[in-house]
Visitor: 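A single structure is presented below for examination.
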Amino acid sequence: MRIRATVAAVSGALALSALAVPAAQAGSQSDVSLDRPSVAERFGTSSAKPASRAAAAAAPTVSNVTVNAGKNIVLGTTVAKTIAVSLTASHPSGIKDAYIDLWHGTNAEDGMDGLLLPKEEAASCTASSATTSKCKLTIPVAPGANTEDLIGDLYANALAGTWHVTAAVLSNDGEIYANDFYKTHKVQRLSKLTVNASPEPVKKGKTITVAGKLSRANWEDRKYHGYTGQPVKLQFRKKNSNTYTTVKTIKSNSTGNLSTTVKATVDGYFRYSFAGTSTTPTVTTAGDFVDVR
């Protein structure tokens with residue numbers, strides 16, 4: 001069983017009330033925990049400070065919240081990843097702890113349907129001065145829902161796309177910054193693309209058929225399925241060139257397959273290139289060489 005420290009943060013506020021956890025929905029969401037204790041529980045404080053003191057005290061300042069080195073998080077069908085996250089925080093008293101998570105939905109209190117939590121109980125914070133520290137955590141993430149053999153977080157394909165990033169910080173004197181909407185980050189379904197140009201070799205002026213397939217990870221059944229109706233570029237470079245040029249753009253069919261024809265002119269390499277979408281990353285094949293005689 002995976003045990004993770006958790007937090008609930010309220011955008012632009014220092015509130016420490018516990019979040020309401022949405023009831024499990026139909027399907028495999030019931031196997032994925034969306035439980036987030038309060039900020040007070042996460043940072044080990046017994047209760048919120050009096051309102052008058054909270055209003056007068058200055059919260060820590062937060063900057064440079066970084067998730068996965070700024071790159072999109074891309075998951076296939078079975079392999080889990082561990083994502084590095086970090087932030088920089090400052091406060092006159094110094095920084096004691098920090099927290100980052102990713103969540104999917106419209107509202108962290110009652111509209112959340114996905115949650116990625118750090119595995120550490122406390123952040124690793126390194127001070128660059130008496131007031132400022134850089135704090136690091138790691139977040140494990142796995143495709144699919146929980147089973148007897150596999151732990152999963154991304155139980156539904158609908159979770160691909162934009163996630164919210166929560167950032168929270170605890171100063172040495174107990175002041176808290178917490179923001180559920182600090183920034184957003186993409187979590188995507190891994191894409192695959194193939195190419196095959198034939199016949200090889202081919203006589204000059206004859207027809208070359210360039211086939212291939214665009215597919216992407218299905219987190220629900222942990223298999224790859226064709227990505228249908230997507231524009232894919234057919235590109236070509238001459239044998240002694242380093243530059244590809246786009247020949248034409250075609251769309252994947254109802255099973256993700258690609259096929260088009262061109263006339264054989266000179267020796268060179270054909271490849272397919274997919275620009276990606278908000279839920280699926282860009283992918284480009286290696287070039288397939290055709291000998292024109």
Side-chain angles (χ1 to χ4, degrees), residues 1-22 29 31-45 59-60 62-75 80-89 95-125 133-143 145-146 151-156 159-170 176-188 219:
M1 177 182 294
R2 180 187 300 163
I3 300 174
R4 301 177 183 171
T6 57
V7 62
V10 180
S11 176
L14 304 179
L16 301 180
S17 58
L19 289 179
V21 179
Q29 181 180 336
D31 296 323
V32 177
S33 175
L34 299 180
D35 186 21
R36 293 170 81 194
S38 68
V39 173
E41 291 171 312
R42 170 63 180 87
F43 286 144
T45 57
V62 174
S63 63
N64 299 326
V65 176
T66 302
V67 177
N68 197 36
K71 300 176 182 178
N72 294 341
I73 299 170
V74 180
L75 273 293
K81 293 185 177 181
T82 299
I83 306 303
V85 297
S86 64
L87 59 76
T88 299
I95 302 301
K96 183 176 182 180
D97 196 5
Y99 174 88
I100 297 172
D101 74 22
L102 280 74
W103 61 275
H104 187 270
T106 56
N107 187 290
E109 293 192 20
D110 54 17
M112 181 173 63
D113 57 7
L115 182 62
L116 301 176
L117 302 168
K119 67 180 182 181
E120 296 87 358
E121 294 184 0
S124 174
C125 295
S133 292
K134 182 175 182 178
C135 298
K136 299 179 179 180
L137 293 152
T138 59
I139 297 178
V141 52
N146 289 334
I151 291 175
D153 302 288
L154 305 175
Y155 61 89
L159 294 177
T162 301
W163 287 56
H164 299 285
V165 179
T166 292
V169 172
L170 175 67
I176 291 174
Y177 170 92
N179 187 349
D180 272 331
F181 296 89
Y182 188 90
K183 65 188 299 184
T184 59
H185 200 86
K186 289 285 194 304
V187 179
Q188 297 180 312
W219 293 334

Visitor: State, to 0.1 Å, how close T138 and V85 come at their nearest heavy-atom pair, and which atoms those are.
Guide: N-CG2, 4.5 Å
Visitor: For residues Y155 and D153, is any side-chain donor paired with an opposing acceptor at under 3.5 Å?
Guide: no
Visitor: State the CG-CG distance between L159 and L116, to the nearest 0.5 angstrom.
Guide: 8.5 Å
Visitor: How long is the gap from NZ on K186 to OG1 on T184, to the nearest 0.5 Å?
Guide: 6.0 Å
Visitor: Of all the heavy-atom pairs spanning L117 and D35, show the shortest one and how long it is.
Guide: CD1-O, 4.2 Å
Visitor: Specify the closest pair of heavy atoms between A178 and V39, including all atoms of both residues, with the distance to one decimal.
Guide: CB-CG2, 4.3 Å
Visitor: Search all heavy atoms of L87 against all heavy atoms of A168 and return the closest pair with its distance.
Guide: CD2-O, 4.3 Å
Visitor: Only counting residues at least two apart or in another chain, list the ones meeting ring-ring contact (aromatic ring centres under 6.0 Å, His included) with H164.
Guide: W103, F181
Visitor: If we ignore hydrogens and angles and just use 3.5 Å, is the side chain of Y99 paired with the main-chain N or O of L137 as donor and acceptor?
Guide: no
Visitor: Out of curiosity, T166 OG1 to I100 CD1, how far, rounded to the nearest 0.5 Å?
Guide: 9.5 Å
Visitor: Which residues pass the side-chain contact (heavy atoms from CB on, under 4.5 Å) test with A160, sequence neighbours left out?
Guide: R189, W219, T279
Visitor: Under 4.5 Å between any side-chain heavy atoms of Q188 and I73, yes or no?
Guide: no
Visitor: Working to the nearest 0.5 angstrom, can you tell me the gap between K134 NZ and C125 SG?
Guide: 11.5 Å
Visitor: Give me the atom names and distance for the closest heavy-atom approach of D97 to A123.
Guide: OD1-N, 2.9 Å
Visitor: Is there a donor-acceptor pair under 3.5 Å between the side chain of K183 and the backbone N or O of V65?
Guide: yes
Visitor: Mind running side chain to side chain contact (heavy atoms under 4.5 Å, CB included) on C135 and V169 for me, showing each step along the way?
Guide: CA-CA 9 Å; C135 298; V169 172; over 6 Å; no
Visitor: Please check: side-chain N/O of K81 versus main-chain N/O of V74, any donor-acceptor pairing under 3.5 Å?
Guide: yes
Visitor: Less than 4.5 Å apart, any side-chain heavy atom of V62 and any of Y182?
Guide: yes
Visitor: Please find the pair of heavy atoms, one from H185 and one from L102, that lie closest to each other, and give the distance.
Guide: CB-CD2, 4.3 Å
Visitor: Between Y177 and N179, do the side chains contain a donor N or O and an acceptor N or O under 3.5 Å apart?
Guide: yes
Visitor: Is any side-chain heavy atom of T82 closer than 4.5 Å to one of I139?
Guide: no
